[in-house]
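Chain identifiers are assigned alphabetically (A, B, ...) following the order of the sequence lines, protein sequences preceding nucleic acid strands; residue numbering begins at 1 within each chain. Only a predicted model underlies this, so the values are computations on that prediction, with no experimental measurement involved.
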Amino acid sequence: MPWLRVVEAFKSPPGSRVTIKGWVRTRRDSKAGMSFVAVGDGSCFEPIQLVVPSSLANYESEVLRLTTGCSVEAEGELVASQGKGQAVEVQATSLKVVGWVDDPDTYPVSAKRHTFEYLRDVAHLRVRTNTFGAVARLRHTLAMGIHRFFDERGYFWVHTPIVTASDCEGAGEMFRVSTLDALNPARTPEGRVDWAQDFFAKEAYLTVSGQLNVETYACALSRVYTFGPTFRAENSNTSRHLAEFWMVEPEMAFADIHTNMDVAESFIKSLFRCALDERADDMAFFNQHIDKTVIDTLTKTIESPFERITYTEAVNILKKQIASGKKFEYPVEWGANLQAEHERCLTEEVFKRPVIVRDYPKQIKAFYMRLNNDGRTVAAMDVLVPGIGEIIGGSQREERLDVLDARLEETKLQKEAYWWYRDLRRYGTVPHCGFGLGFERLILACSGMQNIRDVIPFPRTPGNAKF
RNA sequence: UCCCCGAUAGCUCAAUGGUAGAGCGAGCGGCUGUUAACCGCUAGGUUCUAGGUUCGAGUCCUAGUCGGGGAGCCA
């Protein structure tokens with residue numbers, strides 16, 4: 001009898017003889033001489049119902065003792081269901097218990113509602129719930145969608161390093177990577193820690209971005225992207241930050257900020273479409289139980305163009321909002337960073353759809369962003385979406401060596417440390433651009449989930465690296 | 001890191017400074033082609049930790065730990 005995943009069983013014709021393997025979700029007994037056992041194996045949202053007759057030899061001894069979480073292996077015939085609630089079910093001819101649940105009373109994910117906060121403490125078991133199973137499948141589907149999007153457009157996936165010994169990565173606290181004895185490190189004659197004796201013979205860290213590395217590949221392969229884990233040692237305690245998260249960073253040669261915006265917009269839309277088309281079962285669940293507007297939001301986002309404005313226009317719009325009575329905690333002033341409340345106002349109240357803001361004052365952006373002709377703004381862009389805020393940050397890169405050097409000087413960075421980055425501008429430089437998309441923030445947007453800790457299997461945050 | 005809120009049964013939550021309760025889950029029984037099943041019974045507690053105030057603290061005070069919401073940093 002062929003072993004079918006539940007998702008395959010649902011697609012098989014009635015009369016098929018099948019083997020199902022999975023975990024018990026619920027059990028209901030009927031005095032009509034049978035038990036109904038819902039079994040899920042994670043292959044799709046819906047569990048499949050086994051109809052287990054009381055005539056089985058182990059019915060009294062085992063089937064009636066099944067509880068949520070037990071693993072089972074059942075054989076039977078796929079039949080049209082006599083009951084409501086499911087089209088097909090398995091009329092079981094045998095049911096073998098593979099693994100019991102030790103103590104059903106304390107099984108952490110019993111068949112009842114649990115809060116997400118509680119489930120984070122049992123992250124090893126929470127994926128057995130409806131919500132976390134759906135998130136896990138959506139996460140996979142979006143990851144595959146990302147690779148497909150770029151593959152179809154001729155981008156090459158570049159595996160930029162996780163460990164970086166070049167201190168070129170700029171802003172953001174980094175995690176140190178070291179094999180020195182923390183209690184008794186090698187020391188220089190002056191008594192300082194002697195990093196020359198460390199594993200990489202210099203200070204090393206976990207990457208905060210693959211961008212600088214991937215630029216080198218863009219300046220040879222033309223269209224490339226990275227997709228991998230990223231680490232930030234910031235003490236951020238919010239529902240939108242993780243110490244370890246996944247980031248997608250495309251980088252394109254012979255392309256300017258406008259191409260960058262075009263790619264970012266079609267990228268987001270493509271992924272929203274991917275979620276709706278390929279995870280319809282899980283999306284229906286999210287829409288019903290997590291966020292009743294999520295499918296509508298994704299659909300509308302796909303159908304309408306993103307708003308595109310400059311930072312200067314954004315400031316003017318926000319000032320008009322204030323003039324007509326809108327209250328902000330922080331002032332709106334040209335030259336200052338847009339606060340979360342300002343970004344939210346733009347995307348949620350003024351335009352009510354995704355907004356791309358570009359051309360920010362150079363003093364609030366990174367050294368590598370291309371200086372505009374006005375001499376005071378750079379070709380940077382942020383994509384803001386309702387409910388999440390910033391989901392993408394990117395820019396056209398400064399390809400002119402003299403301008404780059406001037407910016408390095410302005411921001412008090414050491415030219416020598418960026419020697420290979422500067423080489424790209426010395427040898428056949430080209431206009432190029434790219435952006436970074438927070439993968440978990442994308443999953444938040446697609447699912448309607450509220451907390452970023454619930455869309456990654458094992459979240460790492462300040463003070464927490466359990467599991 | 002800053003501001004605010006919280007921690008009581010396996011889970012979600014009640015309890016005026018005066019005998020710690022309910023719903024769900026679990027166990028047992030009943031009923032039923034069941035499906036958030038339903039009905040009855042039973043078990044289940046170091047009230048986060050350490051101090052303090054009080055005749056008496058789940059409740060008030062102090063410190064800590066953990067969690068949530070918001071802010072900053074960003075993706």
Can you tell me the distance, in whole Å, between the [atom1] atom of [X] and the [atom2] atom of [N]?
| X | N | atom1 | atom2 | answer |
| --- | --- | --- | --- | --- |
| A:L50 | B:rG33 | CG | C1' | 15 Å |
| A:D102 | B:rG27 | CG | P | 14 Å |
| A:E173 | B:rG72 | CD | C1' | 14 Å |
| A:I452 | B:rG68 | CD1 | P | 13 Å |
| A:L64 | B:rG29 | CG | C1' | 13 Å |
| A:R240 | B:rG72 | CZ | P | 9 Å |
| A:R28 | B:rG25 | CZ | P | 12 Å |
| A:L242 | B:rC74 | CG | P | 17 Å |

Residue whose closest nucleotide on RNA chain B lies nearer the 5' end, A:Y107 versus A:A32: A:Y107
Nearest-nucleotide comparison on RNA chain B, the residue closer to the 5′ end among A:K466 and A:F245: A:K466
Phosphate-side-chain proximity, [X] and [N], N/O vs OP1/OP2 below 4.0 Å:
| X | N | result |
| --- | --- | --- |
| A:S239 | B:rG70 | yes |
| A:Q339 | B:rG72 | yes |
| A:T115 | B:rU12 | yes |

Looking at every strand, decide which applies to [X] at a 4.0 Å heavy-atom threshold: base, sugar-phosphate, or nothing.
| X | answer |
| --- | --- |
| A:Y330 | sugar-phosphate |
| A:S81 | base |
| A:E117 | sugar-phosphate |
| A:T238 | base |
| A:E249 | nothing |
| A:A340 | sugar-phosphate |
| A:Y118 | sugar-phosphate |
| A:R453 | sugar-phosphate |
| A:D121 | nothing |
| A:G436 | sugar-phosphate |

Measuring only the [atom1] atom in each nucleotide, how far is [N] from [M]? A whole number of Å is fine.
| N | M | atom1 | answer |
| --- | --- | --- | --- |
| B:rU59 | B:rU53 | P | 15 Å |
| B:rG51 | B:rA15 | C1' | 25 Å |
| B:rC48 | B:rU8 | P | 6 Å |
| B:rG64 | B:rC5 | P | 16 Å |
| B:rG58 | B:rG52 | P | 15 Å |
| B:rA22 | B:rG40 | P | 14 Å |
| B:rG68 | B:rA20 | C1' | 26 Å |
| B:rC66 | B:rG29 | C1' | 41 Å |

On the side chain of [X], is there an atom forming a donor-acceptor pair with the base of [N] - under 3.5 Å, no angle test?
| X | N | result |
| --- | --- | --- |
| A:H114 | B:rC11 | no |
| A:N237 | B:rU1 | yes |
| A:E89 | B:rG33 | yes |

Closest to side chain of [X], choosing from [options]:
| X | options | value |
| --- | --- | --- |
| A:S236 | B:rA71, B:rC73, B:rU34 | B:rC73 |
| A:R344 | B:rU34, B:rA71, B:rC11 | B:rA71 |
| A:R120 | B:rA37, B:rG67, B:rG33 | B:rG67 |
| A:Q86 | B:rG33, B:rG67, B:rG72 | B:rG33 |
| A:N464 | B:rG68, B:rG72, B:rG67 | B:rG67 |
| A:N451 | B:rG33, B:rU34, B:rG68 | B:rG68 |
| A:Q91 | B:rG67, B:rU32, B:rG33 | B:rG33 |
| A:D105 | B:rG25, B:rA37, B:rA71 | B:rG25 |
| A:Q49 | B:rU12, B:rU34, B:rA71 | B:rU34 |
| A:K31 | B:rU32, B:rG33, B:rU12 | B:rU32 |

Under-4.0 Å salt bridge between A:D382 and A:K365: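 Looking at A:D382 and A:K365, the cut-off is met.
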Parallel, tilted or perpendicular: which describes the rings of [X] and [Y], with under 30° parallel and over 60° perpendicular?
| X | Y | answer |
| --- | --- | --- |
| A:F175 | A:F231 | perpendicular |
| A:Y155 | A:F150 | tilted |
| A:F328 | A:H342 | perpendicular |
| A:H159 | A:W157 | perpendicular |
| A:F439 | A:F227 | perpendicular |

Passing candidate, side-chain hydrogen bond (donor to acceptor under 3.5 Å, both in side chains) with A:Y368, options A:Q211, A:Q396, A:E215: A:Q211
Verdict with reasoning, A:H124 to A:F458, per ring-ring contact (aromatic ring centres under 6.0 Å, His included): CA-CA 8 Å; A:H124 58 310; A:F458 300 102; 8.4 Å; no
Residue A:R17 excluded, over 12 heavy atoms near CZ under 6.0 Å: yes
A:R137 atom CZ: more than 12 heavy-atom contacts under 6.0 Å: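 Counting other residues, nucleotides and ligands, CZ of A:R137 exceeds 12 neighbours.
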Nucleotide pairing, RNA chain B (Watson-Crick or G-U, distances under 3.5 Å), in dot-bracket with [ ] and |: (((((((..((((....[..)))).(((((.......))))).....(((((..]....))))))))))))....
Ring-face cation contact, A:F116 with A:R120, 6.0 Å cut, 45° max: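 The answer is no, since A:R120 fails at least one limit relative to A:F116.
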